[in-house]
Amino acid sequence: MDPSRLTRVDETTWRIEPTGLMRVPGILYADEALIRGMDDKVYEQTANVATLPGIVQGAFVMPDAHWGYGFPIGGVAAFAPEEGGVISAGGVGFDISCGVRSMHTGLTVADIRKAQVPLADALLARIPAGLGSQSGISLSRHDMEAMLHGGAVWAVKEGWGESKDLERIEEGGRMAGADPGCVSARARQRQRREMGTLGSGNHYLEVQAVEEIFDDRVATAFGLAPDAVLVTIHCGSRGLGHQIGTEFLRDMLPAASAAGIRLPDRELACAPIDSPVGQRYLGAMRSAINCALANREILGHFAREVFAAVFPGSTLDLLFDVSHNTCKVETHVVDGQPRRLFVHRKGATRAFGPGHADLPEALRRVGQPVLIGGSMGTGSHVLVGAGSGEERAFSSACHGAGRAMSRHAALRRWQGRAVIDDLRRRGILVRSASLRGVAEEAPGAYKDVDQVVLAAERAGLARRVARLRPLICIKG
DNA sequence: ATGTTC
């Protein structure tokens, strides 16, 4: 993206001035190099989102943004129902409630080095990964209903997790307002045997070491110390979320037309929040959020089983579990007034600052952990929500490194085996169901995650707490 | 992201 097309507000804030049908400006948070690296499609898609009815303040773009379906990935947009605001399946994304959870292991890098190969092999054997992967769990009709209502609370009741996990999961582990009656038979069918599975693409389970601390006080509050080892899981709502996204993208097109909404791009299909389709999507999407929360809780349980076997007596305590593909009803102060808004975050992480009432007691004073997954081999980050993030982008931050290159281009450039060998020489063991998947996810196909989180910090979206480097990566 | 084609 050519920066001269934008108005530069400060070092890390850029505006697309409203023209034509745009109701609000586009507001991009990134340094100049990241802006230059962004696809022109991000500009076009941001301007398109800014035309949607009821959008409040701006169409926001995080520093890791790239071209997505309709809305950019790394986009945040909030809509007011009383102003004809809309909800959009493309504004949430196909992988509804895709997110990241990190768990403390209580172990150090030296402990892992003693058992790195058997640990990697045991994780690969226990964590179902890859397209269409299954875990051996099969849900009855009744189980499915309970899961879609109960999320991680359901998973804990079923024995896959610990009740103390729940306060460290967004929404206390259970998204209210889920309506499983809005989830099609086909979506349920696709999910019946997919609970407790990673899936494919950029989803992973990693064993990571704390490599660098940026903020001692917050790191201590989060339980992060140099050399400490974490397990981090990145995955979402699998086939169920994808099916819901597919069905509602289809159903929202006529709904938008019926509501008299002019769409600059069919992929922006949306429905008024108060319309029947809009309400059905909310009921289904919230069910999918519960599916993702339950899925990550079950995978966390599997990881606990493996660690208990390889390191007898070890326990995994949850640091936090947060989604980056959702639409949430939140109250935000706009022009001095608290407003109830439908906040779409697509490839953007909720990042509540210190004192937020929705944070658990143990974290309220410091702020919410913002878990940022990097690519294989390049490391990940833990950030903390900042008070300034509230007015910058409705308390949102980046979600990862963000792709710098298409999967197709990555396949032309790298071979999966060579990527694995290269990472092994750097002390990182990769275990994957798919060599093709490894090539698509080669570290070089991603932006520099360090540059992304630094830009997020400079923009006041969140602050850096710790950098993590991978030791083992189980890829889908 | 995705039973990579309803």
Side-chain angles (χ1 to χ4, degrees), chain A residues 41 45 64-75 88-100 128-139 144 183-205 233-251 253-254 266-267 269 284-285 288-289 291-293 295-296 299 323-327 344-349 373 375-376 399-403 405-412 416 432-441 445-446 474-476:
Chain A
K41 274 282 182 182
Q45 293 191 322
D64 53 336
H66 54 110
W67 179 10
Y69 187 96
F71 288 56
I73 296 165
S88 169
V92 172
F94 279 92
D95 191 5
I96 297 167
S97 198
C98 182
V100 182
L131 195 64
S133 52
Q134 301 185 353
S135 65
I137 296 172
S138 175
L139 302 189
M144 180 65 70
V183 177
S184 70
R186 191 167 186 178
R188 291 157 185 255
Q189 179 57 32
R190 285 182 66 171
Q191 195 58 32
R192 219 162 86 77
R193 299 175 192 280
E194 286 197 341
M195 295 309 295
T197 65
L198 270 184
S200 66
N202 64 357
H203 290 170
Y204 59 77
L205 178 148
I233 294 166
H234 175 212
C235 68
S237 52
R238 306 288 288 107
L240 181 129
H242 188 265
Q243 186 64 29
I244 290 170
T246 303
E247 290 169 8
F248 279 93
L249 279 166
R250 180 195 65 205
D251 295 348
L253 209 53
R266 285 168 56 92
E267 293 184 0
M285 180 205 59
I289 289 177
C291 176
L293 297 181
N295 193 31
R296 289 197 290 272
L299 284 162
S323 302
H324 48 235
N325 282 4
T326 58
C327 178
H344 294 64
R345 294 188 182 92
K346 179 187 189 180
T349 311
S375 62
M376 296 179 297
H399 83 304
R403 289 200 81 89
M405 186 184 292
S406 71
R407 293 185 176 279
H408 189 72
L411 278 176
R412 281 200 305 260
S432 177
S434 160
L435 284 176
R436 178 197 170 103
V438 170
E440 289 179 350
E441 294 293 321
Y446 279 82
I474 309 297
K475 291 291 289 184

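Naming: A, B, ... by sequence-line order, numbering from 1 per chain. Predicted model, so just to flag it, every value in this text is computed and none were measured.
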Check: In whole Å, what is the span from the CD atom of A:Q189 to the C1' atom of B:dC6?
Finding: 17 Å
Check: Hey, what do you get for CZ (A:R403) to CG (A:D64), rounding to the nearest 0.5 Å?
Finding: 13.0 Å
Note to self: Rounded to whole Å, please give me the gap between NE2 in A:H242 and P in B:dT5.
What the structure shows: 10 Å
Margin query: In this structure, how many angstroms lie between the C1' atom of B:dT2 and the NE2 atom of A:H203, rounded?
Written below: 10 Å
Notebook entry, point to check: Is A:E194 touching bases, backbone alone, or none of the nucleic acid, heavy atoms closer than 4.0 Å?
Noted result: sugar-phosphate
Check: Which whole-number value in Å describes the distance from A:R193 CZ to B:dT2 P?
Finding: 19 Å
Checklist line | Side-chain N or O of A:S200 closer than 4.0 Å to phosphate OP1/OP2 of B:dT4 | finding: no
Margin query: Quick check: on DNA chain B, is the nucleotide nearest A:E441 upstream (toward 5') of the one nearest A:T246, or the reverse? Name the residue that is more 5'.
Written below: A:E441
Notebook entry, point to check: NA contact type, A:R250, heavy-atom cut-off 4.0 Å: base, sugar-phosphate, or nothing?
Noted result: nothing
Notebook entry, point to check: Once you round it to whole Å, what is the distance between P of B:dC6 and CG of A:L249?
Noted result: 14 Å
Check: What residues form a ring pair (Phe, Tyr, Trp, His ring centres under 6.0 Å) with A:H324, not counting sequence neighbours?
Finding: A:H234, A:H399
Notebook entry, point to check: How about A:R193: does its CZ atom have over 12 heavy atoms from other parts shown lying under 6.0 Å from it?
Noted result: no
Notebook entry, point to check: To the nearest angstrom, how far is A:R238 atom CZ from B:dT4 atom C1'?
Noted result: 13 Å
Item checked: Between P of B:dT2 and CD of A:E440, the distance in whole Å -> 12 Å
Margin query: Output the rounded distance in Å from CD1 (A:I244) to P (B:dT2).
Written below: 14 Å
Notebook entry, point to check: Do the side chains of A:S434 and A:K475 get nearer than 4.5 Å, heavy atoms only?
Noted result: no
